[in-house]
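Take a look at the structure below.
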Protein chains: 2
Amino acid sequence: MTDPPPTHDIEAVFREKGIPFTRQRRLIWEFFAGADRAATITEAADALRGDGVGQATVYRTVTLFSDLGLLARVQDRRGDICYTAPPIGHSHPLVCGVCRKVVRFDGDGDVRDLEARLGAESGFAIYGHHLEVYGICSECRTAKDGDHAG
Amino acid sequence: MTDPPPTHDIEAVFREKGIPFTRQRRLIWEFFAGADRAATITEAADALRGDGVGQATVYRTVTLFSDLGLLARVQDRRGDICYTAPPIGHSHPLVCGVCRKVVRFDGDGDVRDLEARLGAESGFAIYGHHLEVYGICSECRTAKDGDHAG
DNA sequence: TGCGGGTTGAGAACAGTTCTCAATCGGAGC
DNA sequence: GCTCCGATTGAGAACTGTTCTCAACCCGCA
């Protein structure tokens, strides 16, 4: 696993684009970047309410981060929309359906082959794809095995 | 491309499971199966309102079809949730981001290789994946080229 | 034809998201 | 340090999409 991207990198992205990196944005970024699993907007808003970050700001900011490619949208097993950092620029999320832990993988070579083939066969101009893989992480499996007694 | 599955096949699926295939369900199925592109629930409800199909019924029925694997959920370019028939059991949707036309492709071999690798590397017990490829179909590209004048 | 269980439609209720608007913040210029 | 100005923020209203409730209805069965 890679380290979470340091906050100052993100600041650089913002500065480069001339967008203010405010206290609230930093807090929201740290919430997602600091977690090793995907979180919903509601969870972020709940967690940051105590820090004086409003719900609307969380929505706005998550949208902003998504637009900038800094957060990726994934789904948990119930279909809830979650967000995960760091960017999925050229990687894809492997999401634990139980605890929502996210492991990133490349896999882009595979998909790019497929895209090239598809484009040729279908006549579509391919502009992107969305690939998520779902599984249960080893910890959750262990926990589940332990639960068998109860 | 494969032909859309005939309605009597779907009826057989329902009969086999002992679920009534009502007039409303038939209409909703025909709406999705008859379209060559993904449609939202709202669109289906609007289209079928005149046939006396209520909104709640559309929601219920689309959920039912999804559970049975008869409809697949995809997203258009704006992120709107759409549904498309026939089933994506072991195929994946290639979605036109403009007109939402859906072409199905297999590509499962590619992903299964990837899944096996991922499972081994990450320790996750892989239980599924979600792959959508986005592009612009040739018709929409032609239309867009034509628009260049205006 | 009458019965019973599942399905349906209308609309209320609910949850998630977006919008509105005044207050606040932060950087630039003095 | 102070003022100005535009962007951002928070609170809550408004809106949208989805689910729930419940009486009416439909269909298979006897």
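Within every chain, numbering begins at 1; the chains are lettered A, B, ... in the order of the sequence lines, protein sequences first and strands thereafter. What you are looking at is a predicted structure, and each value in this text was computed from that prediction instead of being measured.
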- Message: Under 4.0 Å from a heavy atom of chain B: give me the 5'-most and 3'-most nucleotides of DNA chain D that qualify.
- Response: D:dG17 to D:dT21
- Query: Whole-Å distance between C:dG6 C1' and B:Gln24 CD?
  - Reply: 12 Å
- Give the rounded distance in Å between these two atoms: CZ of A:Arg26 and P of C:dG26. 11 Å
- Task: Could you pull out all residues at least two apart from B:Phe65 that satisfy ring pair (Phe, Tyr, Trp, His ring centres under 6.0 Å)?
- Result: B:Phe14, B:Trp29
- Less than 6.0 Å separating the ring centroids of B:His92 and B:His129? yes
- In terms of heavy-atom contacts, B:Ala39 and B:Phe31 come closest through CB-CE2, 3.6 Å
- Query: Could you give the angle between the helix axes at the two ends of the helix from C:dT1-D:dA30 to C:dC30-D:dG1, with five pairs per end, rounded to 10 degrees?
  - Reply: 30°
- A:Glu115 vs A:Val111 side-chain heavy atoms within contact, under 4.5 Å: yes
- Task: Identify, residue by residue, the members of residues 50-58 of chain B with a heavy atom below 4.0 Å from DNA chain C, and return them in order of residue number, or none.
- Result: B:Gly52, B:Val53, B:Gly54, B:Ala56, B:Thr57
- Message: On a heavy-atom basis, which atom in A:Arg104 and which in A:Ala85 lie closest, and how many Å separate them?
- Response: NH1-O, 3.6 Å
- Item | Spacing between A:Arg23 atom CZ and C:dT24 atom P, to the nearest angstrom | 14 Å
- Task: Return each pair, listed once, that meets side chain to side chain donor-acceptor pair (under 3.5 Å) where at least one residue sits in residues 32-43 of chain B; pairs must be two or more places apart or across chains.
- Result: B:Glu43-B:Arg100
- Task: Write down the distance between CG (A:Leu64) and P (C:dT18), rounded to a whole number of angstrom.
- Result: 13 Å
- Would you say the side chain of B:Arg60 and the base of C:dG9 hold a donor-acceptor pair, judged only by whether the two atoms sit under 3.5 Å apart? yes
- Message: Show the nearest heavy-atom pair for residues A:Ser66 and A:Tyr83, with the distance to one decimal.
- Response: OG-CE2, 3.5 Å
- Message: What is the separation between atom CD1 on A:Ile81 and atom P on C:dT18, rounded to the nearest whole Å?
- Response: 12 Å
- Task: Check B:Pro93 against B:Val102 and note the closest heavy-atom contact, atom names and distance.
- Result: CB-CG1, 3.9 Å
- Query: Expressed in angstrom and rounded to an integer, what is the separation of B:Arg15 atom CZ from C:dG6 atom C1'?
  - Reply: 18 Å
- To the nearest angstrom, how far is B:Tyr59 atom OH from C:dT8 atom C1'? 17 Å
- Message: If the condition is salt bridge (charged side-chain N to carboxylate O under 4.0 Å, His left out), which residues does A:Arg49 pass it with, not counting sequence neighbours?
- Response: A:Asp46
- Would you indicate whether the side-chain heavy atoms of A:Ser91 and A:Asp106 approach each other to under 4.5 Å? no
- Query: Between C:dG16 atom P and A:Arg73 atom CZ, what is the distance in whole Å?
  - Reply: 15 Å
- Task: Can you see which heavy atom on B:Cys96 is nearest to which on B:Ile136, and at what distance?
- Result: SG-CA, 3.9 Å
